[in-house]
Amino acid sequence: MNPIKNIVVIPMVIPKDKKLDKFGGWEWMNHSKQAWQYWCDKNGHELVIYDKPSIEDTSKFRITVQRWFDIFNFLDEKSINYNQIAIIDASSIPKWDCPDFFNLTDNKFTVGRESDNLGWVYEAVEGYKDVFDNYEFDINKYFCSSFVIFNKSHKPIIDQFKEKYMKDLDQFLNLQKTVRRGTCQTPLNYIVQMSGIDVNYLPMPFRLSHLHRKDMLGPNWQLNEDPTPFFIKYGYIWFFSGFDKRSRDKIMEQTWDLVRHEYEK
């Protein structure tokens, strides 16, 4: 039997039914994979690539949604023994010396707060309110679904998400077109908050996103002493989101060219 490990799961599925030019290429996934492989090897964890969704229609059932549907069965089918699971978007790169976040969970459902665009969050919560029976959601507890750590004890929560999504599928698909605030993130937030489970929040450096909004893509030009961009100096995990997706491949490639030597040591 394989030893029990903590695992990092990154979805790497290129949809066949979407306008691929919207994403400006897909090489960014490989940069993420290389960086996460290094981090997992360094910390004694296992990297798992989620590459086969159970439902072929990835337009109606987006990869962001199906990863939650599939995760436990997917790991069982691969005979992977695991303790904790971290599902992390492939639009992320961990810093080479990123601390081991699995040690910070206390085996709780662990996430990063979503505070980069509070207007977006408010519109998402309000937009999905009806389908959750007008539940009074605490917006201060809203988290980002691009980085979530959980374990087998949280399977009932994931099952509730799938059950709710399938039950009200037409409503969710309509909201994705009208509210236009993501796919899985807000429904998952509602399910988790309504369940009352204890949620653990990681410090901000573990989910550093919207880098341009924080003016972190460059260095301190006033002092002109260190050319290292702020996000590399101060962040542990860099998420390349919050801007035109056509720019992602170029920005992640530039970042990888800047730091790749650190992952080859």
Side-chain angles (χ1 to χ4, degrees), residues 7-43 45-53 56-59 61-68 70-71 74 78 86-98 101 112 116 144-148 182-185 205-214 216-219 227-265:
I7 61 173
V8 171
V9 179
I10 57 174
M12 291 184 65
V13 181
I14 298 177
K16 299 177 182 179
D17 48 5
K18 297 183 73 173
K19 294 181 179 179
L20 302 186
D21 57 348
K22 172 184 176 182
F23 295 90
W26 298 88
E27 184 61 26
W28 49 272
M29 287 186 174
N30 291 320
H31 301 325
S32 180
K33 180 181 179 181
Q34 291 178 70
W36 279 112
Q37 187 66 68
Y38 173 91
W39 187 88
C40 287
D41 290 344
K42 179 180 178 181
N43 291 279
H45 306 312
E46 182 175 351
L47 177 65
V48 177
I49 304 301
Y50 170 68
D51 55 2
K52 189 177 181 181
E56 187 173 349
D57 186 350
T58 56
S59 178
F61 297 93
R62 301 292 180 89
I63 299 301
T64 48
V65 172
Q66 287 203 61
R67 58 182 169 173
W68 302 109
D70 297 344
I71 184 61
F74 183 81
K78 288 183 172 290
I87 290 187
I88 306 178
D89 281 3
S91 59
S92 65
I93 293 178
K95 190 175 181 181
W96 56 92
D97 60 356
C98 171
F101 45 76
D116 292 317
C144 181
S145 61
S146 62
F147 181 20
V148 179
T183 54
C184 73
Q185 185 164 283
F206 286 98
R207 201 196 72 78
L208 204 60
S209 65
H210 288 238
L211 305 176
H212 63 300
R213 287 178 181 269
K214 301 183 179 75
M216 299 194 79
L217 289 173
T228 306
F230 287 132
F231 75 95
I232 293 177
K233 291 180 68 174
Y234 302 118
Y236 293 146
I237 305 178
W238 318 316
F239 287 84
F240 295 84
S241 58
F243 46 76
D244 190 330
K245 291 182 175 66
R246 290 171 294 183
S247 305
R248 178 179 290 158
D249 195 58
K250 182 178 180 180
I251 294 174
M252 288 186 71
E253 181 180 8
Q254 291 173 336
T255 300
W256 187 242
D257 287 343
L258 191 63
V259 300
R260 67 189 310 158
H261 64 281
E262 298 288 355
Y263 301 83
E264 296 169 352
K265 294 179 180 178

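All values derive from a computational prediction rather than experimental measurement. Counting from 1, the numbers follow the sequence of the chain as shown.
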**Prompt:** At what distance, to the nearest 0.5 angstrom, does CD1 of I10 lie from OH of Y50?
**Reply:** 13.5 Å

**Asked** How about Q34 and I93: do any of their side-chain heavy atoms sit closer than 4.5 Å?
**Response** no

**Request:** Run the numbers on D51 and F74 for side chain to side chain contact (heavy atoms under 4.5 Å, CB included), then give the verdict.
**Result:** CA-CA 10 Å; D51 55 2; F74 183 81; 3.9 Å; yes

**Request:** Ignoring hydrogens and angles, state whether a donor on the side chain of Q37 or D41 is under 3.5 Å from an acceptor on the partner side chain.
**Result:** yes

**Message:** My understanding is that only residues two or more places apart in sequence, or in another chain, count here; which of them pass salt bridge (charged side-chain N to carboxylate O under 4.0 Å, His left out) with D70?
**Reply:** none

**Request:** Evaluate the criterion side chain to side chain contact (heavy atoms under 4.5 Å, CB included) for residue pair C98 and F206; output intermediate values, then yes/no.
**Result:** CA-CA 8 Å; C98 171; F206 286 98; 4.0 Å; yes

**Message:** Among residues at least two apart in sequence or on other chains, which ones pass side-chain hydrogen bond (donor to acceptor under 3.5 Å, both in side chains) with S241?
**Reply:** none

**Message:** Quick check for you: to the nearest 0.5 Å, what is the distance between S209 atom OG and W238 atom CH2?
**Reply:** 14.5 Å

**Request:** Considering non-hydrogen atoms only, spot the tightest contact between A90 and M252 and give its length.
**Result:** O-CE, 4.0 Å

**Complete:** Rounded to the nearest 0.5 Å, the CZ atom of F240 sits from the CG atom of L208 at a distance of 9.5 Å

**Asked** Do the ring planes of W39 and W36 sit parallel (below 30°), tilted (30 to 60°) or perpendicular (above 60°)?
**Response** perpendicular

**Request:** Just say parallel, tilted or perpendicular for the rings of W256 and Y263, cut-offs at 30° and 60°.
**Result:** tilted

**Request:** Can you see which heavy atom on S92 is nearest to which on D89, and at what distance?
**Result:** OG-O, 2.6 Å

**Message:** Would the distance check show the side chain of R260 and the main-chain N or O of D257 forming a donor-acceptor pair, the cut-off being under 3.5 Å?
**Reply:** no

**Request:** For S91 and F239, indicate whether the former's side chain and the latter's backbone hold a donor-acceptor pair under 3.5 Å.
**Result:** no

**Prompt:** Charged N to carboxylate O under 4.0 angstrom, D116 versus K214?
**Reply:** yes

**Expected output: side-chain E46 to main-chain I7 donor-acceptor under 3.5 Å** = no

**Asked** Taking C-beta and beyond as the side chain, do W28 and I251 meet within less than 4.5 Å on heavy atoms?
**Response** no

**Residue list, salt bridge (charged side-chain N to carboxylate O under 4.0 Å, His left out) with E27, at least two apart or on another chain** = none

**Asked** Can Y236 and F101 be said to form a side chain to side chain contact (heavy atoms under 4.5 Å, CB included), step by step?
**Response** CA-CA 10 Å; Y236 293 146; F101 45 76; over 6 Å; no

**Message:** A side-chain contact here means heavy atoms from C-beta on lying under 4.5 Å apart; do L211 and P229 qualify?
**Reply:** no

**Asked** If you look at every heavy atom in T58 and Q66, which pair is closest and at what distance?
**Response** CG2-NE2, 4.0 Å

**Fill in**
Scanning both residues in full, the closest heavy-atom pair of C184 with S145 reads SG-OG, 3.4 Å

**Request:** Indicate the ring-plane relationship of F230 and Y234, choosing parallel, tilted or perpendicular according to the 30° and 60° boundaries.
**Result:** parallel

**Request:** Would you mind reporting whether W26 and D249 have side-chain heavy atoms less than 4.5 Å apart?
**Result:** no

**Asked** Do you know which two heavy atoms are closest between P11 and R67, and how far apart they sit?
**Response** CG-CD, 4.1 Å

**Prompt:** In Å, rounded to the nearest 0.5 Å, how long is the span from NZ of K52 to NZ of K78?
**Reply:** 9.0 Å

**Request:** Supply the atom-to-atom distance T64 OG1 to I87 CD1, rounded to the nearest 0.5 angstrom.
**Result:** 11.0 Å

**Asked** Step by step, would you call V259 with K95 a side chain to side chain contact (heavy atoms under 4.5 Å, CB included)?
**Response** CA-CA 9 Å; V259 300; K95 190 175 181 181; over 6 Å; no

**Message:** Let me confirm one number: the CG-OH distance from N43 to Y38, rounded to the nearest 0.5 Å.
**Reply:** 9.0 Å

